[in-house]
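Each remark here refers to the structure printed beneath this line.
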Number of protein chains: 2
Amino acid sequence: MRGHNFSAGPGTLPTAVMEAVRDELLEYPNTGASIIEISHRSPQYTAVAASARALLRKLLGLGEEWHILFLQGGASTQFYQVAHNFLPSDGVATYVNTGNWSTKAIAEARRYGGVQVAASSEDAQFSYIPSEASWDVAEGSVYLHYTSNNTIFGTQYRSEPTVSMPLVCDASSDFLSRPLDLDRYGLIYAGAQKNIGPAGATVVLVRDDFLQTRRPDLPTMMDYGTHAAKLFNTPPVFAVYMVEKVLRWLDDLGGIPAIQAVNQQKADLLYGRIDRTDFYSSTARADSRSLMNVTFRLPSPELDAQFIAEAKANDLLNLKGYRTVGGIRASIYNACPLAAVEALVSFMDDFEAANG
Amino acid sequence: MRGHNFSAGPGTLPTAVMEAVRDELLEYPNTGASIIEISHRSPQYTAVAASARALLRKLLGLGEEWHILFLQGGASTQFYQVAHNFLPSDGVATYVNTGNWSTKAIAEARRYGGVQVAASSEDAQFSYIPSEASWDVAEGSVYLHYTSNNTIFGTQYRSEPTVSMPLVCDASSDFLSRPLDLDRYGLIYAGAQKNIGPAGATVVLVRDDFLQTRRPDLPTMMDYGTHAAKLFNTPPVFAVYMVEKVLRWLDDLGGIPAIQAVNQQKADLLYGRIDRTDFYSSTARADSRSLMNVTFRLPSPELDAQFIAEAKANDLLNLKGYRTVGGIRASIYNACPLAAVEALVSFMDDFEAANG
C-alpha cells in the first residue's frame with residue numbers, strides 16, 4: 001500500500017502519474033520499446049519535450065521571450081552556472097541568504113565575481129525571511145538571487161522581491177505552487193524532485209534579453225545559450241517524460257490557481273493544528289512560514305522520535321526533519337493530497353492526547 | 001509488443017530489468033512509496049547505490065583505489081570536466097581524434113590548457129582507428145584521452161593504448177562490454193544510456209592517485225573530489241536504480257567474460273552477413289569495426305531508406321544511421337539479444353533476395 005508520503009525531496013508524485021508511467025513502461029504507445037530505450041531525437045521524445053514546454057508556457061504564462069531548458073545536475077549545479085554565465089569578474093551580484101541553499105549559492109558565485117549579501121537570517125537559525133526594507137542591495141548588481149522557499153528551515157517568501165535589477169530565483173521547492181510575476185525575473189531554476197517530477201532534471205527558465213548578457217567563451221555545456229539554441233546533448237529523458245505527465249496532471253486540475261488554493265488549505269489545516277495547543281511548536285516565524293515544508297517540534301527530542309516512529313506505523317511516512325536540524329518536517333508539495341494532511345492532523349490529535 | 005530495438009542510444013535495456021522496474025514502480029518493497037519518491041539519503045536508496053558500486057567493483061575488478069561516481073550531465077559534461085580538473089593552463093594533454101565525440105572533447109579541453117592531437121582519422125571520414133605506432137604523443141602529457149568506441153562511425157579500438165601517461169577514456173558506448181586493463185587508466189567515464197541504463201547518469205571511475213593531481217578551487221559540483229568524498233547533492237536516483245538492476249542482470253549472466261562472448265557472436269554474425277555478398281557494404285575499415293555499432297550501406301540511399309522502412313514493418317527498429325552520415329546502423333549493445341541479430345540477418349537475406 002502507498003502511504004502518505006511527506007518526503008522533502010525527492011518527494012511524492014501523483015499516484016495517477018505513477019500508474020500511467022508504469023502502464024507504458026515497457027511499451028510506449030506505437031513504439032515497440034520504452035520511452036527510455038529510444039533516441040532523444042525520436043518523434044516520440046520530441047513530442048514529449050514539446051508538450052512539456054507548451055504546458056509550462058500555459059501554466060506560467062511564459063511568452064516567447066522565455067527559453068525553457070531541461071538540464072541535468074540540480075540546483076547545486078545552477079549555483080555556479082548562474083554566476084559563471086552572468087557575473088563578470090569585475091561585476092557584482094546581490095544575494096539574500098535564507099538558509100543552506102542560499103549559503104551554497106553565495107559560495108559558488110564568489111568564485112566568479114563580486115557578491116553582496118543584502119540580508120541574512122542566519123542570526124536566528126534561518127527561521128525567517130528578512131524584510132525587503134532591511135536589504136542592502138548593491139547598486140549596479142547584475143542580478144539579485146533569492147531562494148523562494150527553504151526546505152530545511154520551513155520558510156518561504158510571502159511575495160516576490162521588487163528590486164530594480166533582474167531576479168534570479170532558486171525555485172526548486174515551490175515551483176508551480178503559486179504564480180510568478182515574470183516581468184521581475186531574468187532566470188528561474190528548479191530541480192524537478194519536489195513539485196514537478198523525479199530527481200534528474202532541472203527546469204531553467206531564462207528570458208532572452210537576460211540570456212544575451214552572459215559572458216562569451218563558456219564551456220559548451222555550461223553555456224545556457226547552447227541549450228536555448230537547440231537540443232545539444234542527450235537530455236534526462238525519463239525525468240522530462242515524467243515532468244510532462246505531472247504538468248498535464250496539474251493542468252487538468254485547473255492549473256496554478258487551483259493548486260495554490262489546495263496548497264493554502266493544506267497549510268492552513270496543518271499550521272492551525274500546530275498552533276491550537278502548546279504541544280507542537282512551529283520553528284519558522286509566523287510571517288515566514290512555508291506552504292511547502294512545515295517544520296515543527298514536540299516538547300522533547302525523545303517525543304520527536306516517538307512521533308516519527310508512530311506516524312510511520314500509521315503510514316505517515318518520511319516526517320523526520322533535516323539531518324542537521326532535527327524535529328519534524330512535513331513536506332506538502334503540490335502532489336501531496338489534502339487527505340494526507342487530514343490524516344496527519346488526526347494523528348497529531350491522537351498523539352497529543354496520548355502523550356501531551 | 002516489444003520489437004527488436006537497435007537504437008544507438010538511449011538504447012535497449014534487458015526486458016527482465018524493465019519488468020522488474022515496472023512491477024515495483026509504485027511501491028518499492030517495504031517503503032510505501034516509489035524509489036523515486038523518497039530521499040536519496042534513505043536506507044533504501046543508499047543500499048541501491050552501494051549495491052551498484054559493489055557490482056561494478058566485482059564486474060571490473062576495481063580495487064579500493066578506485067572511486068565510483070554517479071554523476072549527471074553525460075559525456076558532453078565530462079569533456080570539459082576532465083580538462084577543468086586535470087589539465088593545467090601551462091600543461092598539455094594528448095587526445096586521439098576518432099570522431100564527433102573526440103572532436104568535441106578536444107574543443108572543450110583547449111579552453112583549459114595545451115592539447116596535442118596525437119592522431120586523427122578525419123582524413124577518411126573517421127572510418128578507422130589510427131594505429132598507435134603512428135601517434136605523436138606529447139611528452140609530459142598529464143593524460144591521454146581516447147574514445148574507445150565511436151557510435152556514429154562504427155569503429156572501436158581493438159586494444160587499449162599503451163602510453164606512459166594515465167589514460168582517460170570516454171567509454172560511453174562500450175562500457176562493460178569487455179574487460180579493462182585498469183592499471184593503464186586514471187579516469188574512465190561512461191554515459192549510462194548505451195550499455196548500462198537510461199539517460200541521466202554518467203558513471204565515472206577515477207583512481208585516487210590521479211584524482212589527487214586535480215587543480216584546487218574548482219566549482220564544488222565540477223570537482224570530482226566532492227563526489228568522491230561523499231554524496232554531496234541529489235543524484236539521478238531513478239537512473240542509478242536502473243543501472244544497479246542492469247549490473248545485477250549482467251552479473252547473473254556470468255559477468256563481462258560471458259557478455260563479451262555473446263557480443264563477439266552477435267558481431268560475427270552481422271559482419272559475416274554484410275561481407276557475404278556485395279549488396280551490403282561495411283563503412284568501417286575491417287581492422288577497426290565496432291562490436292557495438294555496426295554501420296553499413298546498401299547500393300543506394302533509396303535502398304537504405306526502403307530497408308529501414310521494411311525493417312521497421314518487421315519489428316526491427318531504429319536502424320537509421322546517424323543524422324549527419326546516413327546509411328544503416330545496428331547498435332547491438334549488451335542488452336541486445338542474439339535473437340535480435342538473428343532476426344536482422346534473416347531480414348537482410350530476404351531483403352537482398354527481393355531487391356538485390
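Just the heavy atoms: all of them, side chains too, but no hydrogens, waters or symmetry mates, feed the values below. Throughout, protein chains are lettered first and strands after them, A, B, ... in sequence-line order, and every chain is numbered starting at 1.
The greatest number of non-hydrogen atom pairs below 4.5 Å with chain B, out of A:Asp23, A:Leu13, A:Asp217, A:Leu26, is found for A:Leu26. Ranked by heavy-atom pairs under 4.5 Å with chain A, the list B:Val21, B:Thr234, B:Thr15, B:Val237 is led by B:Thr234. Ranking B:Pro10, B:Gly197, B:Gly200, B:Ala8 against chain A, the residue ahead of the rest is B:Pro10, based on heavy-atom pairs under 4.5 Å. Note: A:Leu218 leads A:Thr31, A:Asn318, A:Leu218, A:Leu71 in heavy-atom pairs under 4.5 Å with chain B.
The two atoms that bring A:Gly73 and B:Met221 nearest to each other are O-CE, 3.8 Å, heavy atoms only. Residues B:Ala199 and A:Pro235 approach most closely at CB-O, 3.5 Å, considering heavy atoms. Closest approach of A:Ser7 to B:Ser39, counting heavy atoms only: OG-N, 3.8 Å. Between B:Glu27 and A:Met1, the shortest heavy-atom distance links the atoms OE1-N, 2.5 Å. Nearest heavy-atom pair, A:Asn233 versus B:Ser76, reported as atom, atom and distance to 0.1 Å: CB-OG, 3.7 Å.
A distance-only check finds a donor-acceptor pair linking the side chain of B:Asn5 to the backbone of A:Glu37 [under 3.5 Å].
A donor-acceptor contact under 3.5 angstrom links the side chains of A:Glu108 and B:Thr220, judged on distance only.
For A:Ile35, no part lies under 4.5 angstrom from a heavy atom of chain B. Using a 4.5 Å cut-off between heavy atoms, A:Arg2 contacts chain B through both its backbone and its side chain. Of the two parts of A:Glu19, the backbone and the side chain both hold a non-hydrogen atom closer than 4.5 Å to a non-hydrogen atom of chain B. Only the side chain of A:Lys104 comes within less than 4.5 Å of a heavy atom of chain B; its backbone N, CA, C and O stay farther away. Within the 4.5 angstrom heavy-atom criterion, only side-chain atoms of A:Leu317, from C-beta onward, approach chain B.
Within the 4.5 Å cutoff, side-chain heavy atoms of A:Met18 are placed close to those of B:Ser34. Annotation: side chain of B:Gln72 is not in contact with side chain of A:Thr77 (no heavy-atom distance under 4.5 Å). Within the 4.5 Å cutoff, side-chain heavy atoms of B:Pro219 are placed close to those of A:Tyr112.
The CZ atom of B:Arg41 sits 13.0 Å away from atom NZ of A:Lys320, with the distance rounded to the nearest 0.5 Å. Put simply, NE2 on B:His40 and CD on A:Gln193 are 7.5 Å apart, with the number rounded to the nearest 0.5 Å. Interatomic distance, B:Met222 CE to A:Arg111 CZ, rounded to the nearest 0.5 Å: 11.5 Å.
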